[in-house]
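All ligand and atom numbering here is 1-based and tracks the order in the structure. In what follows, every heavy atom counts, from backbone to side chain, and hydrogens, waters and symmetry copies are set aside.
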Amino acid sequence: SMVRKSVLVFRELPPDQLARITAVHEVVVANPRKPAERPAFEAALPHAHGLIGSSHPVTPQLLAQASQLEVISSISVGVDNYPLDALRERGILLCHTPGVLTETTADTVFALVMATSRRIVELANHVREGRWDRNIGEDLFGWDVHGKTLGLLGFGRIGQAVARRAALGFGMPVLYHSRRPVDMPELAGRAVHTPLDRLLAQADIVAAVLPLTPQTRGLMGAREFGLMKPGAIFVNGGRGATVQEDALLQALDQGRLRAAGLDVFATEPLPPDSPLRRHPRVTALPHIGSATHETRQAMAALATTNLLQALAGQRPQAVYAGGA
Ligand code: 8YV
C-alpha cells in the first residue's frame with residue numbers, strides 16, 4: 001500500500017536515498033546525537049511509523065514514546081544498540097544492512113593486521129617528523145604477517161571474509177572461534193574451528209570480529225589475554241565491549257601483547273583522556289570499518305529499501321528480527 005506515513009531519519013542519509021523516502025512519506029530528519037536536533041527528534045517520535053539511522057541507543061524508554069512505530073531500519077549490520085526484546089514484544093520490525101559491508105569491513109580488519117605488524121602508522125610518523133636520518137635499525141623492524149597463524153574470534157560473514165584474505169592472500173593458517181563449525185569449501189583445511197583457549201595459545205595474531213551479545217560481552221578479559229602468546233598482536237573490528245579494555249591495557253603494559261589495532265571501543269567516541277588514544281603500541285581508528293563512499297552508499301540504499309518495503313506492508317529484504 002502507498003499510504004503516506006511518518007518517517008524519522010535519525011542519521012544523515014545521502015540525498016538520493018532521502019528523496020526515495022520523501023517521495024512517498026512525511027519525513028523529519030533529526031539526529032539526536034546533535035543537541036540542536038534533539039528537540040525535533042523527541043517531537044517526531046510519537047508520530048513516527050518508521051525510524052531509519054544508526055549509532056544511537058534506541059532505549060526501551062525511547063521506544064515507549066514511539067507508539068506508532070512499525071519498523072526500525074538500521075544503517076548498520078550490528079544491532080546491539082536496539083532493545084531486541086522490547087521490539088519483539090511490540091511486533092516492531094528491525095532491519096539492518098548485512099552483506100553490503102562485509103568486504104569493506106574485512107579490508108579494515110586486515111589493514112589493522114598489517115598496520116600493527118609492520119608498525120605502519122608509527123613509522124610513517126617517523127618520516128613525517130623528519131626522524132629518518134639513516135638506514136633504520138632493528139629497533140624499528142616490524143614482524144611478518146604472511147605465514148603467521150591468525151586466530152579469528154567470530155566467523156560470520158566478516159570473519160569468513162577476513163579468513164579468505166589471510167589464508168588465500170597471505171598463506172596464514174586460520175583458527176576460528178565460533179558457536180558452530182562453518183563449512184567453507186574454498187578454505188578446506190585452512191580454517192579450523194578451534195576451542196577459544198587453544199586458539200589464544202596458538203595464534204600469532206588474534207582478530208575479533210564478534211557482534212556484541214550477552215555471550216560475547218567482555219569475552220576478552222585478563223584470563224584470555226593471559227593465554228595469548230607473548231608478543232602476539234590483538235585486533236578488534238567488531239564491537240568494543242567484547243573486550244575488557246583495562247585487561248587489554250594491562251596485557252600491553254606488561255609486554256605480553258606487542259600491539260593492538262582497534263577500530264571499535266566500549267565507549268564511542270573514545271573519551272578524550274582514554275589511554276587507548278595515545279598508547280605507543282595501540283593503533284586506534286574512529287570506527288571506520290564500513291566507512292567508504294561505496295559501502296556507506298550501499299548501506300543507505302539497502303536501509304532505505306528495507307524501510308520502504310516495511311511501510312508498504314511487504315517483507316523487507318534484510319530483516320534482523322521481528323514481524324510476522
Ligand atoms: C556502522 C557498524 O556504521 O554496521 C555496523 O554494525 O559497526 C558500522 O558499519 C556503525 O554501526 C554506525 O554506528
Can an N or O of I75 be found at a distance shorter than 3.5 Å from an N or O of ligand 1?
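The answer is no, given that I75 and ligand 1 share no N or O pair closer than 3.5 Å.
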
Please determine if G78 has a nitrogen or oxygen closer than 3.5 Å to a nitrogen or oxygen of ligand 1.
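G78 vs ligand 1: N/O contact under 3.5 Å present.
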
Any heavy-atom pair between the side chains of R239 and T216 that's under 4.5 Å?
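Contact flag for T216/R239 side chains = no.
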
Test: R164 and E103 ion pair at under 4.0 Å
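Result for this pair is yes, salt bridge flagged.
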
Pair E12 + R296, salt bridge at N-O below 4.0 Å
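Looking at R296 together with E12, the answer is no, because their closest N to O distance does not fall below 4.0 Å.
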
Mind checking what makes ring pair (Phe, Tyr, Trp, His ring centres under 6.0 Å) contact with Y176, not counting sequence neighbours?
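So Y176 forms a ring pair (Phe, Tyr, Trp, His ring centres under 6.0 Å) with F155, H193.
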
Please state which protein non-hydrogen atom is closest to [atom] and give its distance, to 0.1 Å?
atom	value
atom 9 (O) of ligand 1	S290 OG, 2.6 Å
atom 3 (O) of ligand 1	R296 NH2, 3.0 Å
atom 4 (O) of ligand 1	V77 N, 2.7 Å
atom 7 (O) of ligand 1	H287 NE2, 2.7 Å

Proximity to ligand 1 by part of [X], non-hydrogen separation under 4.0 Å:
X	result
S55	both
R33	neither
L101	side chain

To the nearest 0.5 Å, what is the distance between CG on L8 and CG on L45?
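Result: 5.5 Å between the selected atoms.
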
For H96 and ligand 1, answer yes if some heavy atom of the residue is under 4.0 Å from a ligand atom, otherwise no.
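Not so, H96 does not reach ligand 1.
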
Measure the distances from the heavy atoms of S54 to every atom of ligand 1 and state whether one is below 4.0 angstrom.
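Under 4.0 Å: yes for S54.
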
Between T292 and T295, is there a side-chain donor-acceptor contact under 3.5 Å, judged purely by atom types and distance?
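Yes - a donor-acceptor pair under 3.5 Å links their side chains.
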
From the options Q317, Q314, R20, select the one residue that forms a side-chain hydrogen bond (donor to acceptor under 3.5 Å, both in side chains) with T305.
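The residue from Q317, Q314, R20 that satisfies side-chain hydrogen bond (donor to acceptor under 3.5 Å, both in side chains) with T305 turns out to be R20.
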
Hey, would you say the F41 and H56 ring centroids sit under 6.0 Å apart?
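Between H56 and F41, which both carry aromatic rings, the centre distance is below 6.0 Å.
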
For a salt bridge (Lys or Arg N to Asp or Glu O under 4.0 Å) check, start with the C-alpha distance between R165 and D107, then their side-chain angles and the critical distance, and finish with the verdict.
CA-CA 8 Å; R165 283 153 180 77; D107 287 350; 2.8 Å; yes

Give the atoms of ligand 1, by number and element, whose distance to some non-hydrogen atom of [X] is under 4.0 Å.
X	answer
S76	4 (O), 5 (C), 6 (O), 11 (O)
R239	2 (C), 5 (C), 6 (O), 7 (O), 11 (O)
M299	9 (O)

